[in-house]
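Shown next, in structure tokens, is the structure this report addresses.
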Amino acid sequence: MLEREVIQSVGFRNIKDGDKVTGFQFKIRLPYYRGVFLSQLRPGTLYVDGERFDRKDIIWNIKGVDYTYEEMKSNMDVHWATTELAVLKVPKEGGLSQGFHDLTYGFCFTSSYMPPIMQDNMDPDKENIVFMPEFGHHVNKRRLIIV
């Protein structure tokens, strides 16, 4: 079951490769009723406890397949449905420490029926002038714990 918040509490953990911790991951849901193709997504910058992670370093996992920012920009075949969670994987040697962490992450997406002037000014890292979380125009914040 999906949580109301875009950043989900389930799935926030460090990523291991053997015995080595290589990064961390968290899950997000799409706050849009129709779903979107990967090429429509406009990923933002992630901040964890004030540390910045560039959108180009974040791997999106949709339906069990990993996609880079560059791969998503031209992918018109893969559809992210509203009932599916995306897993965002972030490389960081040693991962995150045990305890609470503050995440800030925004993303938005284009839509065929939104006026181009509205879409031209979309910035996933800033709140939109018109608050429309159902179109992904919202910077999401959540405090989560790694145990």
Hydrophobic cluster membership, [X] vs [Y], 4.5 Å side-chain cutoff:
X	Y	answer
Leu38	Tyr33	yes
Phe12	Leu85	no
Leu41	Val65	yes
Ile28	Ile145	no
Ile146	Ile7	yes

Kindly give the heavy-atom pair with the smallest separation between [X] and [Y], and that separation in Å.
X	Y	answer
Gly44	Ile58	O-CD1, 4.3 Å
Ile62	Tyr67	O-CE1, 4.0 Å
His79	Glu84	O-OE1, 3.8 Å
Phe107	Pro43	CB-CA, 4.1 Å
Arg142	Ser9	NH1-N, 3.6 Å
Lys27	Val10	CD-O, 3.6 Å

Please tell me if the side chains of [X] and [Y] come closer than 4.5 Å, counting only heavy atoms from C-beta onward.
X	Y	result
Glu5	Asn140	no
Leu96	Asn14	yes
Ile59	Thr68	yes
Val36	Leu30	yes

Got a donor-acceptor contact below 3.5 angstrom from the [X] side chain to the [Y] backbone?
X	Y	answer
Asp102	Arg143	no
Arg29	Leu2	no
Gln8	Glu3	yes

task: Count the heavy atoms of every other residue, nucleotide or ligand shown that sit under 6.0 Å from NZ of Lys56, and state whether that count exceeds 12.
output: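 Count not over threshold, so no.
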
- prompt: Considering residues, nucleotides and ligands other than Lys16, do more than 12 of their heavy atoms fall under 6.0 Å from its NZ?
  reply: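 No - once you tally the heavy atoms of other residues, nucleotides and ligands closer than 6.0 Å, there are 12 at most.
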
task: Return the set of residues passing side chain to side chain contact (heavy atoms under 4.5 Å, CB included) with Arg4 (not counting sequence neighbours), or none when no residue passes.
output: none

- prompt: Knowing that exactly one of Phe24, Phe26, Tyr105 qualifies, which makes a ring-ring contact (aromatic ring centres under 6.0 Å, His included) with Phe53?
  reply: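 Between Phe53 and the candidates, ring-ring contact (aromatic ring centres under 6.0 Å, His included) is satisfied uniquely by Phe24.
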
task: Give me the one residue out of Phe37, Trp60, Tyr32 that meets ring-ring contact (aromatic ring centres under 6.0 Å, His included) with Trp80.
output: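 Testing Trp80 for a ring-ring contact (aromatic ring centres under 6.0 Å, His included) against Phe37, Trp60, Tyr32 leaves exactly one candidate, Trp60.
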
Gap separating the CG atom of Asp49 from the NE2 atom of His101, nearest 0.5 angstrom: 6.0 Å

- prompt: For the atom pair NZ (Lys73) and OG (Ser39), what is the distance rounded to the nearest 0.5 Å?
  reply: 12.0 Å

field: By ring-ring contact (aromatic ring centres under 6.0 Å, His included) - contacts of Tyr47 (at least two apart)
entry: none

- line: residues 86-99 vs salt bridge (charged side-chain N to carboxylate O under 4.0 Å, His left out), sequence neighbours excluded, gives Glu51-Lys92, Asp66-Lys89

